[in-house]
Amino acid sequence: MCNLLMKPKIMIVGEMPPPTGGIQTCIEQILSSNMTHDFEFIPINTTRSEFFNKNKLLKLLFFLCNCIQIVFIAIKRKPTIAHFHVSYRNGFWRSSIFSKITKLFKIKNIFHAHGSQFKLFYSESSDTSKIKIKKTLSDLDYLIVLSESWKIYYSEITRTKIFILKNAVERINHAKYCRTHTKRFNVLFLGSICSRKGVYDLIESISKITKENIDFTFVGPFENKAQFIKEILRLGIENKCNIIGEVLGEKRFKFFASANCFILPSYNEGLPIALLEAMSFGLPIISTKVGAIPEVIKKENGILFDAGDIDAMTKAIVKIASDKDLARKMSNANKLLIESEYNPITYAKNLKNVYLELSLPDRNAPNQQNTIKKDF
């Protein structure tokens, strides 16, 4: 148990469940973890409804409502820590302003960097914006990143203390989701159906596959559904594609259970939770060498290729679909890896360490860090 007399209060700021993406899934795991025994969580939802997305004025109104909510909670609830789940571009700038507000109330700040395109966002920013980004990061008490490669990157632009917290997969009752056995090989794409995720490369690859028994399932929200369907029809691959669209919450698990392989041909990623969930279901992985993916996927559990290399993607799909022994070995390796390194217990313990350190009255006081009581 935490050694403090009162539970430290943690303000969680970000897109709230049900999960439609990595940030929501991550927050759901935190709010449902055993850390609730030691900390009081105060969630603030930054997800705009369709009503507030209609125009810029309504978006501004929603942002101001979030600011007022943060001020109100800071005064009334007096949280110890503000844990911001941050992406890039507008999401980063909004979180920057939220952070400044909480700093006025002496609340310690954590940025949890999920932004798969943060490198692109930073490199394309003006010199003035880069200074502001660095200033925002330097004012933090902690920066949480998803992998060693992201830690190396952020270390080049900030001296803020950086902590690696690998994404985790929730405890899934896999037996609840029965696998459908067919003679056909089902390749699953699950994520935002958009250009950044490489879906147009994927359907180009599908058009090149001559092997007859391979089907493809697309699950996720559309960037432009009409354009995506038009390209599938143009390529003449509609009979190979099962287009589902967006699903919420645990409904996504049945698609992992009925698949034989998971594919993610993205151009930018952090550490995608959908990929980890696929691994937990024992799916071999085909993906690109972006973000933290190469730290997770080796030759033992999947095949990686360069983003945009359609021929390499095509060969990888055919190879796994044609080699049952290889697919089985990758399946077993992925199940073991998730269980050992990407489980929610380890995730909660590591995050709890960060919270406990920041909950101390003065974490820079001599020998103070050594007095933290840890029950694991």
Q) Should Tyr177 and Phe253 be marked as a ring pair (Phe, Tyr, Trp, His ring centres under 6.0 Å) after you check the CA-CA gap, both sets of side-chain angles, and the distance that decides it? A) CA-CA 7 Å; Tyr177 304 94; Phe253 294 149; 5.7 Å; yes

Output yes when [X] and [Y] qualify as a salt bridge under the 4.0 Å nitrogen-oxygen rule, no when they do not.
X	Y	answer
Glu300	Lys329	no
Lys166	Glu295	no
Glu246	Arg252	no
Asp215	Arg184	yes
Lys289	Asp306	yes
Lys161	Asp141	no
Arg234	Glu231	yes

Between [Y] and [X], is there a side-chain heavy-atom distance shorter than 4.5 Å?
X	Y	value
Ile144	Lys151	no
Phe228	Leu233	no
Arg159	Ser138	no
Leu137	Phe92	yes
Ile320	Met330	yes
Ile317	Phe216	yes
Val145	Tyr153	no
Ser195	Glu223	yes

Inspect the surroundings of [atom1] in [X] and state if more than 12 heavy atoms from other residues, nucleotides or ligands are less than 6.0 Å away.
X	atom1	result
Lys230	NZ	no
Lys59	NZ	yes
Lys103	NZ	yes
Lys315	NZ	no
Lys208	NZ	no
Lys100	NZ	yes

Main chain of [Y], side chain of [X]: is a donor-acceptor contact present, judged purely on distance under 3.5 Å?
X	Y	value
Ser266	Glu269	no
Ser287	Leu264	yes
Asn109	Ile107	yes
Ser322	Lys319	no
Glu170	Gln29	no
Ser331	Gly282	yes
Thr136	Lys132	yes
Asn301	Lys298	yes
Ser192	Cys194	no

Q) Listed by chain and number, what are the side-chain hydrogen bond (donor to acceptor under 3.5 Å, both in side chains) partners of Tyr200, not counting sequence neighbours? A) none

Show me the donor-acceptor pairs, under 3.5 Å and distance only, between side chains in residues 66-81 and residues at least two apart or in other chains.
residue, atom, partner, partner atom, Å
Asn66, ND2, Asn45, O, 3.3
Arg77, NH2, Glu40, OE2, 2.5
Lys78, NZ, Ile75, O, 2.9

Scan side-chain atoms only and decide if [X] and [Y] contain a donor-acceptor pair under the 3.5 Å cut-off.
X	Y	value
Ser149	Ser147	yes
Tyr142	His112	no
Thr25	Glu28	no
Ser280	Asn334	no
Tyr267	Asp201	yes

Is it the case that the ring center of [Y] lies less than 6.0 angstrom away from the ring center of [X]?
X	Y	result
Phe281	Phe256	yes
Phe189	Phe262	no
Phe63	Phe98	yes

Q | Residue pairs passing the ring-ring contact (aromatic ring centres under 6.0 Å, His included) test where at least one lies in residues 300-352, sequence neighbours excluded | A |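 Pairs touching residues 300-352 that pass the test: none.
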
(Q) Could you check whether Lys130 makes a cation-pi contact with Tyr122, meaning its NZ or CZ is under 6.0 Å from the centre of the six-membered ring and within 45° of the ring axis? (A)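 So Lys130 does make the cation-pi contact.
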
**Q.** Partner of Met279 by side-chain contact (heavy atoms from CB on, under 4.5 Å), out of Val169, Ile338, Leu336
**A.** Ile338

Q) Which of parallel (below 30°), tilted (30 to 60°) and perpendicular (above 60°) describes His85 and His83? A) parallel

Q.
Between Asn343 and Thr346, is the side chain to side chain donor-acceptor pair (under 3.5 Å) condition met? List the steps.
A. CA-CA 6 Å; Asn343 63 79; Thr346 300; 3.1 Å; yes

